[in-house]
Amino acid sequence: MSDPIIEVESVSKSYGGVKANVDITMNVQRGSITGIIGPNGCGKTTLFNSIVGYHPIDDGSIRFDGKEISDLRVGDIARLGMLRTFQQTRIYSKMNCVDNMQISVSQRADSGFLMFASRRGEIKDRAEHLLEFVGLYSKRNLISGDLSFGQQKLLEFAMALMNEPKVLLLDEPTAGINPTLINGLIDRLQRANEELGITLCVIEHNMRVIMNLASHIYCLANGKMLADGLPADLQNDQRVVDAYLGGH
């Protein structure tokens, strides 16, 4: 049965005379890993920014868990349970990893953990548990700015998990990561989806990664929705090959 947790309907967004998104419609199913692909400049990050409230849309509707959110701000949407990560990590580079985790905790009113964790020690315990989950437990007391870029991305992922999101949007999670770390990151994303029940929506340029990770993929080109379907469908779609895959 179809159960979309994110519903984007006829969304358009322009910057001056540049039409970044034009009449975009897509759904992210609850519990899924959904992929978004497309050439650079096609509007993927603009779409993410619209979904999480970084800028108002010009037209259309965005619903999260059945609630219209296109008029809400970033913090309001985050408190409902939707967070995102960025292409460039946003960590506190002069703090150690555990402190990064603890300071990332928001005030989500409906978070069962946050209502339970009334003492700092409980929050620290959860921080260390999630650092172990992403493979950074041995680095927990290191200054985060001294981590490799790939490790910083894992830390940012763990920081998002501290807030018990229902949905996590990841913008090119494998970009700039040493290839030896990519399989480990894929494994953590899959485990977060399967074990923690977090719905994931992923922008990704590494086609091997997204074809193996996502159950449904949307392809954007020139700000418009070009195609969507199963990974195998898009691999065999000549429009997608011409717009993107053929050049990579």
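Among all heavy-atom pairs drawn from Gly35 and Ile210, the shortest one is CA-CD1, 3.7 Å. When all heavy atoms of Ser144 and Leu155 are compared, the pair lying nearest together is CB-CD2, 3.6 Å. Taking both residues in full, the closest heavy atoms of Ala214 and Thr34 are given as CB-C, 4.2 Å, listed atom of the first, atom of the second, then distance. Closest non-hydrogen pair, Gly53 versus Val74, comes out as O-CG2, 3.4 Å. A pairwise comparison of heavy atoms in Leu220 and Pro39 identifies O-CD, 3.4 Å as the closest pair. For the residue pair Gly31 and Thr199, the shortest heavy atom distance occurs at N-OG1, 2.7 Å.
Taking the centre and axis of the six-membered ring of Phe149, the NZ or CZ atom of Lys153 falls outside the cone set by 45° and 6.0 Å.
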Under 3.5 Å, side-chain donor or acceptor atoms of residues 168-181 against the rest of the protein: list the pairs with distances, not counting sequence neighbours.
residue : atom : partner : partner atom : Å
Asp171  : OD1  : Gln87   : NE2          : 3.4
Asp171  : OD2  : Thr45   : OG1          : 3.0
Asp171  : OD2  : Arg84   : NH2          : 3.0
Thr174  : OG1  : Glu204  : OE1          : 3.1
Thr174  : OG1  : Glu204  : OE2          : 2.7
Asn178  : OD1  : Thr180  : N            : 2.8
Asn178  : OD1  : Thr180  : OG1          : 2.8

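Under a 4.0 Å N-O distance rule, the pair Asp65/Lys67 does not qualify as a salt bridge.
You'll find the ring centres of His129 and Tyr137 outside the 6.0 Å limit.
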Q | Residue pair Arg140, Ser138: steps toward the side chain to side chain donor-acceptor pair (under 3.5 Å) verdict | A | CA-CA 6 Å; Arg140 64 192 182 280; Ser138 65; over 6 Å; no
Q.
Under the criterion side-chain contact (heavy atoms from CB on, under 4.5 Å), I'd like the reasoning laid out for Met95 against Ile103: C-alpha separation, chi angles, the key distance, then a yes or no.
A. CA-CA 10 Å; Met95 294 183 177; Ile103 203 171; 3.7 Å; yes
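Checked by atom type, the side-chain pair Ser32/Arg30 shows no donor-acceptor distance below 3.5 Å. Between the side chains of His205 and Asn40, at least one donor N or O lies within less than 3.5 Å of an accepting N or O. No side-chain donor-acceptor contact under 3.5 Å links Asp23 and Ser12.
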